[in-house]
*Asks:* 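The structure's right below; bear with me while I get my questions together.
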Amino acid sequence: GRPARAVRPGGVIRRTVLAAGVAGFAMPSRAEDPLRLTLATATPGGGFPAYGAALADSVREVDPKLLIELRNTKGSSENVPLLEQGEVDLGLVQGEVASEYLLRRGGEPGSLRVVSAMYATAGLFVVRADGPLRSIGDLRGRRVALGAAGSGLTVMGRAFLRGEGIEGEVEAITLERAGEGPAMVADGRVAALFGGGVGWPGFRAVADGPGGARFLAPSEEAIGRILEANPGMRRLVIPAGSYPGQDAAIASAGSWSLILSRPDLPEEVALRFARALGQARDGLARRLPQGGETDPANTAAAVPASWLHPAAFRFLREAGYSVR
C-alpha cells in the first residue's frame, strides 16, 4: 500500500509500508543503505537541469547517503502530472505553473505539496546588445522564442506580451530544447529569447556571445497590468551585475519556482530531504548564483502553510521560522 496523505501541515500522518521502486524511491532496508529520490527537471540547456545538478551535488555533500537522481523532462507542465501519477518523487515547477495548480488545489487531500522554494524568477527578454531593440514594444512584428514548449517560462512570457499589449503582434515560438535559444538569437533566427532569474544559462550564453546582451523588461504600466492579471506573480528585481554588461538593476515581474513532492511522499523521507537542503544552501550558492535563494527563510515567506508538505512545515517550525 501507499502512505496515507496528510490532512494538514503539522497534523498526524498515518503511514503504511511503501512498495520499493515506486517513483524511483527506494526505502532503505538498513540505516546505512542509500536513500534514492527522483527529481524531475526540464530539457537540457535550461535553468532547471543546472539547478537540479547543483542540488544533487550539494545534498550529497551534507548527506552522502541521500542520492538525488535527475530526470530530464519537458519542464514544469510535464512535472506536475508526473508527480500526480507518482512517477517521480520530487519536481521543479516554475512559479506560474505552480501557482495555477496550488491556487486551485493547494492543501486538498491528495494534492502535490511544497517542500521548498527554489529561487525567484524575474522575467526578461534578451536581445543582442549590438542591435536596435530597446523595449518589449520594439518586438512588434518580430519572431521571439519563449523557451521550451513544456517550460513554465512560456506561460510567463505570454503574460509579459499581454501586459505590453503586443501578444498578437509578435510571432512567438517555443523550442524543443531550452539550450537552442541563445544560438537562435545570435544568428538572427529570433529577435529575442524570454527567460528569467539570476544565473539563467540562456541569458549568460547570449551575454557571453559576440554581440553581447541587452535585457528588455516590462514598462511600469505593464508590470502593473501583469501583476493584476496574474495573482501568483510579484514585483522582482534583477540586481546590477548579474550578467556581463548589465550595469544597472532591472525591475520586472515574476514568481518563485518551487520544489514540489508527490502527494504521498512519506514524512520521514521529506523531512530528511528538507533538513539536508537547509544544510546545503552554501554548497548550492557556491555552485549556482541563484542557489543561495534556496533558503528556509524564503520558503517560510513565499509559501502558505496549507501548501507545505507536513515535513517541510515541521522543519521550518523546528528551525524557528514563522509560517503564514
*Asks:* Could you tell me whether Glu318 and Arg314 make a salt bridge, using a distance below 4.0 angstrom between a side-chain N and a carboxylate O?
*Replies:*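 Judged by the 4.0 Å cut-off on N to carboxylate O distance, Glu318 and Arg314 do form a salt bridge.
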
*Asks:* Which atoms form the tightest heavy-atom contact between Gly46 and Pro49, and what is the distance?
*Replies:* O-CD, 3.4 Å

*Asks:* Assigning hydrophobic clusters by single linkage (Ile, Leu, Val, Met, Phe, Trp, Tyr; side-chain heavy-atom cutoff under 4.5 Å), is Leu271 placed with Leu112?
*Replies:* yes

*Asks:* Salt bridge check, Glu220 against Arg235: does any charged N sit closer than 4.0 Å to a carboxylate O?
*Replies:*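 Between Glu220 and Arg235 there is a salt bridge, with a charged N closer than 4.0 Å to a carboxylate O.
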
*Asks:* In Å and rounded to the nearest 0.5 Å, what is the CZ to CG distance from Arg134 to Leu139?
*Replies:* 13.5 Å

*Asks:* Where do Val126 and Ala213 come nearest, in terms of heavy atoms and distance?
*Replies:* CG2-CB, 3.7 Å

*Asks:* Inspect the contact between Glu108 and Arg105 and indicate whether a charged nitrogen and a carboxylate oxygen are less than 4.0 angstrom apart.
*Replies:* yes

*Asks:* For Ala159, does its backbone N or O pair with a side-chain atom of Glu167 as donor and acceptor, under 3.5 Å?
*Replies:*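 Such a contact is absent between Glu167 side chain and Ala159 backbone.
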
*Asks:* Backbone N or O of Asp295 within a donor-acceptor pair of the Glu293 side chain at under 3.5 Å?
*Replies:*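 No, because the side chain of Glu293 does not come within donor-acceptor range (under 3.5 Å) of the backbone of Asp295.
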
*Asks:* Does any N or O in the side chain of Ser76 come within less than 3.5 Å of the main-chain N or O of Gln94, such that one atom is a donor and the other an acceptor?
*Replies:*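 Here the side-chain-to-backbone pair exists.
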
*Asks:* Let me see the working for Thr41 and Arg71 under side chain to side chain contact (heavy atoms under 4.5 Å, CB included), right down to the final yes or no.
*Replies:* CA-CA 6 Å; Thr41 61; Arg71 176 169 169 179; 6.0 Å; no

*Asks:* Do Arg113 and Trp307 come close enough that some side-chain heavy atom pair is under 4.5 Å?
*Replies:*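 Answer no - side chains too far apart.
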
*Asks:* Going by heavy atoms in the side chains, are Val323 and Thr299 under 4.5 Å from each other?
*Replies:* no

*Asks:* Looking only at heavy atoms, which two atoms of Ala191 and Val127 are closest? And how far apart?
*Replies:* O-CG1, 3.3 Å

*Asks:* Assess the side chains of Tyr51 and Thr294: does a donor N or O sit below 3.5 Å from an acceptor N or O?
*Replies:* yes

*Asks:* Taking the side chain from Ser242 and the backbone from Ile238, do they hold a donor-acceptor pair closer than 3.5 Å?
*Replies:* no

*Asks:* Side chain of Ser252, backbone of Gly123: donor and acceptor closer than 3.5 Å?
*Replies:*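 The answer is yes, because a donor-acceptor pair under 3.5 Å joins these two groups.
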
*Asks:* Is Arg128 reaching over with its side chain to a backbone N or O of Gly212, donor-acceptor style, under 3.5 angstrom?
*Replies:* no

*Asks:* State, to 0.1 Å, how close Pro239 and Val198 come at their nearest heavy-atom pair, and which atoms those are.
*Replies:*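 Residues Pro239 and Val198, closest heavy atoms: CD-CG2, 3.9 Å.
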
*Asks:* For side chain to side chain contact (heavy atoms under 4.5 Å, CB included), just list the numbers for Tyr101 and Leu103, CA-CA rounded to whole Å, side-chain angles, deciding distance to a tenth of an Å, and then say yes or no.
*Replies:* CA-CA 6 Å; Tyr101 175 88; Leu103 287 169; over 6 Å; no

*Asks:* Taking the side chain as every heavy atom from C-beta outward, state whether Pro296 and Leu316 have any pair of such atoms under 4.5 Å apart.
*Replies:* yes

*Asks:* Walk me through it: do Arg234 and Ser255 pass the test side chain to side chain contact (heavy atoms under 4.5 Å, CB included)?
*Replies:* CA-CA 6 Å; Arg234 63 189 69 186; Ser255 59; over 6 Å; no

*Asks:* Could you tell me whether the side chain of Pro244 reaches within less than 4.5 Å of the side chain of Asp208, counting heavy atoms only?
*Replies:* yes

*Asks:* Just wondering, more than 12 heavy atoms not from Arg225 lying within 6.0 Å of its CZ?
*Replies:* yes

*Asks:* So Met118 and Trp256, side chain to side chain contact (heavy atoms under 4.5 Å, CB included) or not? Walk me through it.
*Replies:* CA-CA 7 Å; Met118 291 171 55; Trp256 279 86; 5.9 Å; no

*Asks:* Looking at Leu124 and Phe194, what are the two nearest heavy atoms and their distance?
*Replies:*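 Scanning both residues, the minimum pair turns out to be O-CD1, 3.2 Å.
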
*Asks:* Using a 3.5 Å distance criterion without hydrogens, assess whether the side chain of Asn72 forms a donor-acceptor pair with backbone atoms of Ala42.
*Replies:*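 Checking the backbone N and O of Ala42 against the side chain of Asn72, a donor-acceptor pair under 3.5 Å is found.
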
*Asks:* Is there side-chain contact between Val269 and Glu267, with at least one heavy-atom pair below 4.5 Å?
*Replies:* no

*Asks:* Is there a donor-acceptor pair closer than 3.5 Å between any side-chain N or O of Glu100 and the backbone N or O of Glu96?
*Replies:*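 No: the side chain of Glu100 does not pair with the backbone of Glu96.
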
*Asks:* From Phe313 CZ over to Tyr321 OH, what is the distance, rounded to the nearest 0.5 angstrom?
*Replies:* 15.0 Å

*Asks:* Any ion pair linking Arg142 and Glu169 (charged N to carboxylate O, less than 4.0 Å)?
*Replies:*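 Salt bridge between Glu169 and Arg142, a charged N being under 4.0 Å from a carboxylate O: no.
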
*Asks:* Hey, any chance Val62 and Leu39 share a hydrophobic cluster, counting ILVMFWY side chains that come within less than 4.5 Å of each other, even indirectly?
*Replies:* no

*Asks:* My understanding is that only one of Thr38, Val88, Asp89 makes a side chain to side chain contact (heavy atoms under 4.5 Å, CB included) with Arg262; could you say which?
*Replies:* Asp89

*Asks:* Kindly compute the distance separating CG (Leu146) from CG (Leu153), expressed to the nearest 0.5 Å.
*Replies:*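 One finds 9.5 Å between CG of Leu146 and CG of Leu153.
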
*Asks:* To the nearest 0.5 Å, tell me how far Leu67 CG sits from Arg60 CZ.
*Replies:*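 The CG atom of Leu67 sits 7.0 Å away from the CZ atom of Arg60.
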
*Asks:* Between Asp63 and Arg272, does any NZ, NE, NH1 or NH2 come within less than 4.0 Å of an OD or OE carboxylate oxygen?
*Replies:*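 Between Asp63 and Arg272 there is a salt bridge, with a charged N closer than 4.0 Å to a carboxylate O.
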
*Asks:* Test of understanding: clusters of I, L, V, M, F, W, Y form through side-chain heavy atoms closer than 4.5 Å, transitively. Do Val190 and Val206 belong to the same one?
*Replies:* yes

*Asks:* Looking at side-chain heavy atoms only, is the closest gap between Asp57 and Ile68 below 4.5 Å?
*Replies:* no

*Asks:* First locate atom CG of Leu55, then atom CG of Leu288, and finally report the distance between them rounded to the nearest 0.5 Å.
*Replies:* 10.0 Å

*Asks:* Do Met156 and Val170 share a hydrophobic cluster (ILVMFWY, side-chain heavy atoms under 4.5 Å, transitive)?
*Replies:* yes

*Asks:* Give a yes or no answer on whether the side chain of His309 reaches the backbone of Leu260 with a donor-acceptor pair at less than 3.5 Å.
*Replies:* no

*Asks:* Transitively linked via ILVMFWY side-chain contacts under 4.5 Å: Leu236 with Trp200?
*Replies:* no

*Asks:* Is Arg140 salt-bridged to Asp138, going by a charged N under 4.0 Å from an acidic O?
*Replies:* no

*Asks:* What is the ring orientation for Phe215 with Tyr243, classed by angle as parallel under 30°, tilted 30 to 60°, or perpendicular over 60°?
*Replies:*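 It falls in the tilted class, 30° to 60°.
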
*Asks:* Do you know the tightest heavy-atom contact between Val237 and Ala249?
*Replies:*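 Where Val237 meets Ala249 most closely, the heavy atoms are CG1-CB, 3.9 Å.
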
*Asks:* Run the side-chain donor-acceptor check on residues 175-187: report pairs under 3.5 Å with partners two or more places apart or on a different chain.
*Replies:*
unit_1 : atom_1 : unit_2 : atom_2 : d
Glu180 : OE1    : Glu176 : N      : 3.4
Asp187 : OD1    : Arg189 : N      : 3.0
Asp187 : OD1    : Arg189 : NE     : 3.0
Asp187 : OD2    : Arg189 : NE     : 2.8
Asp187 : OD2    : Arg189 : NH2    : 3.0

*Asks:* Answer with yes or no whether the side chains of Arg287 and Ser58 bring together a donor and an acceptor at under 3.5 Å.
*Replies:*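 Side chains of Ser58 and Arg287: pair found under 3.5 Å.
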
*Asks:* Going from CD on Glu84 to CG on Asn79, what distance comes out if it is rounded to the nearest 0.5 angstrom?
*Replies:* 11.5 Å

